[in-house]
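Starting from 1, each residue takes its place in the sequence as its number. All ligand and atom numbering here is 1-based and tracks the order in the structure. Remember, it's a predicted structure, so these values are computed and weren't measured experimentally.
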Amino acid sequence: MHLHCPDPRGKLGATSRLTHERCQAVFDALGYGIMLLTPQGRIEQLNHAMAAMLGRPAAEVTGRAPHEVVPGHPAPSDACPFVRMCKSLHRESAEVPWGERWFQVTADPVLDAKHKLTGAVVTVSETTEQKRLEEQLRRSQKMEAIGRLAGVLAHDFGSLLTMINGYCQMLMEAMAARDPRRRDLAAVLEAAGRATALTRQMLTIGRHQPARPRRLDLNHLISRLERVLRRVAGPRIHLSTRLARPLGRIQADPAQIEQILVNLVVNAREAMPRGGRLAIATERVRWGQDGPAGRADLRSGNYVSLSVQDSGKGMDAETRSHLFEPFFTTKAKRKGVGLGLSIVYGIVKQSRGDIEVVSEPGQGTTFRIRFPAAAGARRRAAR
Ligand SMILES: Nc1ncnc2c1ncn2[C@@H]1O[C@H](COP(=O)(O)OP(=O)(O)OP(=O)(O)O)[C@@H](O)[C@H]1O
Ligand SMILES: [Mg+2]
């Protein structure tokens, strides 16, 4: 590649200056960062996008190496595409982290007729959002696989349990009313009953359990459930509700939404052993074409959000990253199975909604679920 973009501060002739200006115009039109470096790594020329990424005006960084002027900029190392390109004299590229963000960096050599390095063209584009989406996809695929496995297992166990139940009942019926073995059999039946309930929960994770969705007023459901939720939360927790009206309806199975609320409230209670505050809120949200910032994966439209916020112990990043996996628990053996949130997740996905958690250790936790709003009554009637 041969590029001629001489230093504007040098003694340029009119033709060279024109070349430089044109080169700059091309640079600035690009949507990603681009800069010309000297073989020593000093910036010769850069575009608007690059200056914005570096957070410094172009004039301040020209003639210097990026890491000299920008605090936190990684120093040149073997991981740096520019450094590697200086050795290979071929295009080198890498995805490099910078603080919390990720950037795709490529370095191309500028060679003279004798194949000697006279400079480099370095491009930089941010890939943070793409990486986030990839990670999300990977995670949801994992959940999907675990869910399917749980579903298949639960299904087979369900059939076996039906048989166990059936035979037990037959035995029970054949026994005399006063037969002392009835008690043992009753215990078997009870255990089988608990196992059946558990497999039903596992089916929800695998989404094999058919939901019975209908148009549903979330506010109404919460108001109806408030008393029992208060009971579940216990006397040390102050529960408040903030229900937006009008809210609009969602399309969901009421029994499943109850399951969500109970699971979230139980978790909140367990995160606040010494009591605290628990707030349940509903809200109507509308998203434009691009969705909210950083959520390019969500479709635009009307949503109903349900949030459950506690003032409990919160979670670290490690816990947050495994939260929805079946059998992930931080609780003692007998206290938690680790199914609560995976069930919540299964239901939310089944309703084509979305769940998000905001939590830091010691800062409490907020779960926010968004359900797509049900189509308006008028449109429904027209169909
Ligand atoms: N409100 C919360 N505050 C702090 N940590 C939470 C909260 N909700 C969930 N967690 C964390 O997420 C983990 C998984 O929750 P999940 O409900 O799936 O399982 P569990 O509560 O441990 O067990 P189970 O619900 O099956 O009884 C919990 O063990 C806990 O570490
Ligand atoms: Mg739980």
Side-chain angles (χ1 to χ4, degrees), residues 139-140 142-151 153-154 157 193-207 209 222 225 228-234 236-242 255-282 305-351 353-370:
R139 202 172 289 170
S140 71
K142 183 161 127 192
M143 288 292 294
E144 186 100 22
I146 300 176
R148 214 174 303 134
L149 180 68
L153 282 176
F157 274 112
R194 281 213 304 270
T196 308
L198 199 65
T199 49
R200 208 168 290 137
Q201 289 196 323
M202 276 168 65
L203 279 174
T204 314
I205 305 169
R207 285 185 253 165
Q209 170 116 316
I222 294 170
L225 231 60
V228 55
L229 291 178
R230 240 175 250 290
R231 171 71 58 87
V232 169
R236 292 198 229 196
I237 289 171
H238 177 77
L239 186 143
S240 64
T241 55
R242 207 181 63 240
Q256 290 194 330
I257 305 298
E258 286 173 14
Q259 227 177 337
I260 289 182
L261 280 164
V262 170
N263 270 309
L264 293 182
V265 170
V266 169
N267 281 347
R269 179 190 69 199
E270 283 163 1
M272 301 187 284
R274 278 188 234 108
R277 288 183 314 283
L278 178 60
I280 299 178
T282 58
S305 102
L306 163 68
S307 65
V308 176
Q309 177 173 31
D310 67 56
S311 61
K313 62 178 181 235
M315 288 173 245
D316 56 18
E318 170 71 11
T319 302
R320 283 199 310 268
S321 70
H322 295 295
L323 204 57
F324 298 112
E325 290 171 17
F327 306 111
F328 172 79
T329 181
T330 58
K331 293 168 191 170
K333 267 253 159 63
R334 290 181 169 275
K335 278 208 88 178
V337 189
L339 281 183
L341 284 178
S342 59
I343 288 168
V344 170
Y345 184 91
I347 296 173
V348 169
K349 288 293 150 192
Q350 200 172 23
S351 330
D354 165 79
I355 182 162
E356 207 172 62
V357 62
V358 179
S359 184
E360 289 297 334
Q363 310 267 317
T365 299
T366 306
F367 283 95
R368 167 157 296 138
I369 300 173
R370 300 178 182 98

* Measure from atom 8 (N) of ligand 1 to every heavy atom in V357, N267, N263 and give the option owning the shortest one. => N267
* Asked: L341 and F324: which non-hydrogen atoms are nearest, and at how many Å?
  -> O-CD2, 3.7 Å
* Could you tell me the separation between the NZ atom of K313 and the CD atom of E360, rounded to the nearest 0.5 Å? => 15.5 Å
* What residue and atom, counting heavy atoms only, is the protein's closest point to atom 31 (O) of ligand 1, and at what distance? -> T330 OG1, 2.4 Å
* To do: Within a distance under 4.0 Å of any heavy atom of L323, pick out the atoms of ligand 1 and give their elements.
  => 11 (C), 12 (O)
* Asked: Between D310 and ligand 1, which part of the residue brings a heavy atom under 4.0 Å of the ligand: side chain, backbone, both or neither?
  -> side chain
* **Min side-chain heavy-atom separation N267-K331 under 4.5 Å** => yes
* Measure from the side-chain N and O atoms of R242 to the backbone N and O of A279, and report whether any donor-acceptor pair falls under 3.5 Å. => no
* Asked: In the protein, which heavy atom is nearest to atom 7 (C) of ligand 1, and how far is it?
  -> M315 CE, 3.8 Å
* To do: Taking only heavy atoms of G338 into account, list the atoms of ligand 1 that are under 4.0 Å away from them.
  => 18 (O), 19 (O), 20 (P), 23 (O), 24 (P), 26 (O)
* **Atom CZ of F157: over 12 foreign heavy atoms under 6.0 Å** => no
* **Under-2.8 Å protein N/O/S neighbours of the Mg ion (ligand 2), ordered by chain then residue number** => N267 OD1
* Between T319 and D316, is any pair of side-chain heavy atoms under 4.5 Å apart? -> yes
* Asked: Is the shortest heavy-atom distance from the side chain of V344 to the side chain of F367 under 4.5 Å?
  -> no
* Asked: Out of V344, T329, L341, V265, whose heavy atom sits nearest atom 18 (O) of ligand 1?
  -> L341
* May I ask you to check whether over 12 heavy atoms, not counting those of R277, lie within 6.0 Å of atom CZ? => no
* To do: Could you find the nearest protein heavy atom to atom 21 (O) of ligand 1 and give me its residue, atom name and distance?
  => K331 NZ, 2.6 Å
* Atoms in ligand 1 with a heavy atom of G314 nearer than 4.0 Å -> 4 (C)
* Heavy-atom contacts with F328 under 4.0 Å: which atoms of ligand 1 show up? List them by number with element. => 14 (C), 19 (O)
* Structure fact -> Check: of G364, P361, G340, S342, min heavy-atom distance to atom 25 (O) of ligand 1 comes from G340
* Considering distance alone, does some N or O of A271 sit under 3.5 Å from an N or O of ligand 1? -> no
* What's the shortest heavy-atom distance between G364 and S359, and which atoms? -> O-OG, 3.1 Å
* Do you know which of R320, R368, R370 makes salt bridge (Lys or Arg N to Asp or Glu O under 4.0 Å) with E356? -> R370
* To do: Classify the contact between T365 and ligand 1 as side chain, backbone, both or neither, using a heavy-atom distance cut-off of under 4.0 Å.
  => side chain
* **Student check: side-chain heavy atoms of L306 and I280 closer than 4.5 Å** => yes
* Structure fact -> S307 and T366 have their tightest heavy-atom pair at CB-CG2, 4.4 Å
